[in-house]
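Accompanying notes for the structure given below.
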2 protein chains.
Amino acid sequence: MARAGLTADRLTQAGAELADEVGFDNVTLSALARLFDVKVASLYSHVTNSHDLKTRIALLALQELADRAADAVAGRAGKDALVALGNVYRDYAREHPGRYAAMHFRLDRETAIASAGVRHSAMTRAILRGYDLAEPDQTHAVRLLGSVFHGFATLELEGGFGNSSPDSQESWTRTLDALDALLRAWPAPD
Amino acid sequence: MARAGLTADRLTQAGAELADEVGFDNVTLSALARLFDVKVASLYSHVTNSHDLKTRIALLALQELADRAADAVAGRAGKDALVALGNVYRDYAREHPGRYAAMHFRLDRETAIASAGVRHSAMTRAILRGYDLAEPDQTHAVRLLGSVFHGFATLELEGGFGNSSPDSQESWTRTLDALDALLRAWPAPD
DNA sequence: CGAAGCTACCTAAATACATTAGGTAAAACT
DNA sequence: AGTTTTACCTAATGTATTTAGGTAGCTTCG
């Protein structure tokens with residue numbers, strides 16, 4: 001009986017790939033066991049349970065995306081940085097829909113705080129340095145950008161925009177234009 | 001043996017309430033059967049399977065929210081209408097998180113086309129009549145508004161904004177202000 | 001190099017949900 | 001009242017999760 005050589009990391013990685021193929025909700029320990037040609041119970045030596053596996057996939061995705069984002073915004077500022085960051089989010093969601101969904105798996109507070117999730121808001125805040133926003137407006141803008149990026153990616157993925165004209169790429173470009181214009185002329189409260 | 005008096009509608013309604021309590025993903029036929037003190041197999045006389053039940057809950061939510069939205073925007077225009085529509089979405093997500101999640105259950109194309117989902121985009125388009133946007137910009141704006149509403153509601157629900165200052169109500173108000181300003185001064189493409 | 005210990009993987013069993021096939025009794029209709 | 005319809009049932013199968021306890025392969029150290 002040769003061993004399969006499983007580790008938590010290999011399971012997480014395989015789980016992430018599986019998520020992209022069949023959807024995050026359909027990532028099961030059973031499916032992973034089949035993949036590695038191993039009995040299900042054996043996986044419990046590596047992850048504590050199904051929830052643990054999903055948490056690990058979520059953390060993987062958060063980190064992967066944070067890395068990409070950091071890379072994309074490095075050396076850019078203003079609209080250039082905004083577009084780069086937005087594209088990283090949208091492209092990741094399209095290339096890795098399962099991992100993207102995994103990122104919104106509910107983490108307990110400690111795990112969330114220790115996760116790469118914090119880097120995401122930090123980076124969004126960073127690109128706002130190219131615009132002239134003082135607190136608390138900066139925080140409002142961070143939340144708005146997060147909402148648009150996440151909302152657009154989600155709706156586009158689930159086909160909420162239809163597949164008719166104008167195509168969603170066009171809408172995305174114009175959305176980024178609009179956000180840039182908005183941030184340059186951020187309105188005072190009414 | 002007195003009968004429970006089940007119908008597809010009663011199951012759907014109970015399923016929607018259950019979704020709000022335990023989350024849409026945790027709505028199971030088993031749980032519903034327990035609720036009505038009936039054997040699980042009995043439910044298959046009323047819904048064809050679990051997927052069917054979830055579809056029905058999704059349709060219920062879409063319709064319920066479309067009704068509320070229609071009510072809210074009636075007799076309003078411009079920013080007034082924008083704020084009303086935005087609030088309907090956000091409030092529904094907070095009051096009925098399970099149903100809100102249900103709305104994004106993937107429907108097959110026919111079902112989606114026959115659903116109240118189409119009323120949603122129609123209403124968003126309607127409030128844009130208060131702003132001066134010609135096609136295809138109007139479609140881009142519809143998609144942007146959808147993204148912001150959905151993204152904000154989702155992130156707020158899952159605690160993505162933290163519970164620190166400034167509170168999310170404040171960000172929401174400012175987001176609506178920002179959208180209004182943006183729509184009034186919609187930028188031309190670069 | 002061989003014994004000791006660690007651990008990766010196993011079998012077995014309990015629990016839960018989804019689904020189908022085929023039966024019985026309550027309601028509805030004539 | 002008799003017949004049809006149907007709401008609900010029992011029984012059985014398949015799949016996923018999880019725990020308890022065992023065995024064989026790898027590592028380590030005398």
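All of these numbers come straight from a predicted model, not from anything done at the bench. Letters A, B, ... are given to chains in the order of the sequence lines, protein chains preceding strands, and every chain is numbered from 1. Just so you know, these numbers use all the heavy atoms, side chains as well, and skip hydrogens, waters and symmetry mates.
At whole-Å resolution of the value, NE2 in B/His51 and P in C/dC17 are 20 Å apart. Regarding A/Asp37, its CG atom lies at a distance of 13 Å from the C1' atom of C/dC10, rounded to whole Å. Regarding B/Leu29, its CG atom lies at a distance of 10 Å from the P atom of C/dC17, rounded to whole Å. If you measure from atom NZ of B/Lys39 to atom C1' of D/dC9, you get 9 Å, rounded to the nearest angstrom. We find that CZ of B/Arg3 is positioned 8 Å from P of C/dA28, with the value rounded to whole Å. Rounded to whole Å, the distance from CZ on A/Arg10 to C1' on C/dC9 is 14 Å. Between B/Leu6 atom CG and D/dA7 atom P there is a gap of 9 Å when expressed in whole angstrom units. Straight-line distance from the CG atom of B/Asn49 to the C1' atom of C/dA21: 16 Å, rounded to whole Å.
Here the side chains of A/Leu157 and A/Thr154 are not in contact, with every heavy-atom distance at 4.5 Å or above.
Note: A/His120 and A/Tyr89 have perpendicular aromatic rings, judged against thresholds of 30 and 60 degrees for the angle between ring planes. Ring geometry for B/Trp172 against B/Phe152 counts as tilted: the plane angle lies between 30° and 60°, on a 0 to 90° scale.
Residue-level contact check: A/Leu43 touches neither bases nor backbone, having no heavy atom under 4.0 Å from any strand. A/Ala31 comes within 4.0 angstrom of no nucleic acid atom, judged by non-hydrogen atoms across all strands. Residue contacts shown for A/Ser45 include a base, since a base heavy atom lies under 4.0 Å away.
The phosphate of D/dA16 (OP1 or OP2) has a side-chain N or O of A/Arg34 nearer than 4.0 angstrom. Checking the phosphate oxygens (OP1, OP2) of D/dT6, no side-chain nitrogen or oxygen of B/His46 falls inside 4.0 Å. Residue A/Ser50 places no side-chain N or O under 4.0 Å from the OP1 or OP2 atom of D/dA16.
For B/Ala41, the side-chain atoms get nearest to C/dA21 when compared with the rest of C/dC9, D/dT17, C/dA21. Nearest to the side-chain atoms of A/Val38 among the listed nucleotides C/dT19, C/dC10, D/dT17 stands C/dC10.
Residues A/Leu60 and A/Met103 do not share a hydrophobic cluster, defined by chaining ILVMFWY side chains whose heavy atoms lie under 4.5 Å apart.
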(message) Apply ring pair (Phe, Tyr, Trp, His ring centres under 6.0 Å) to residues B/Tyr100 and B/His96 and explain how you reach the verdict.
(response) CA-CA 6 Å; B/Tyr100 188 81; B/His96 298 295; over 10 Å; no
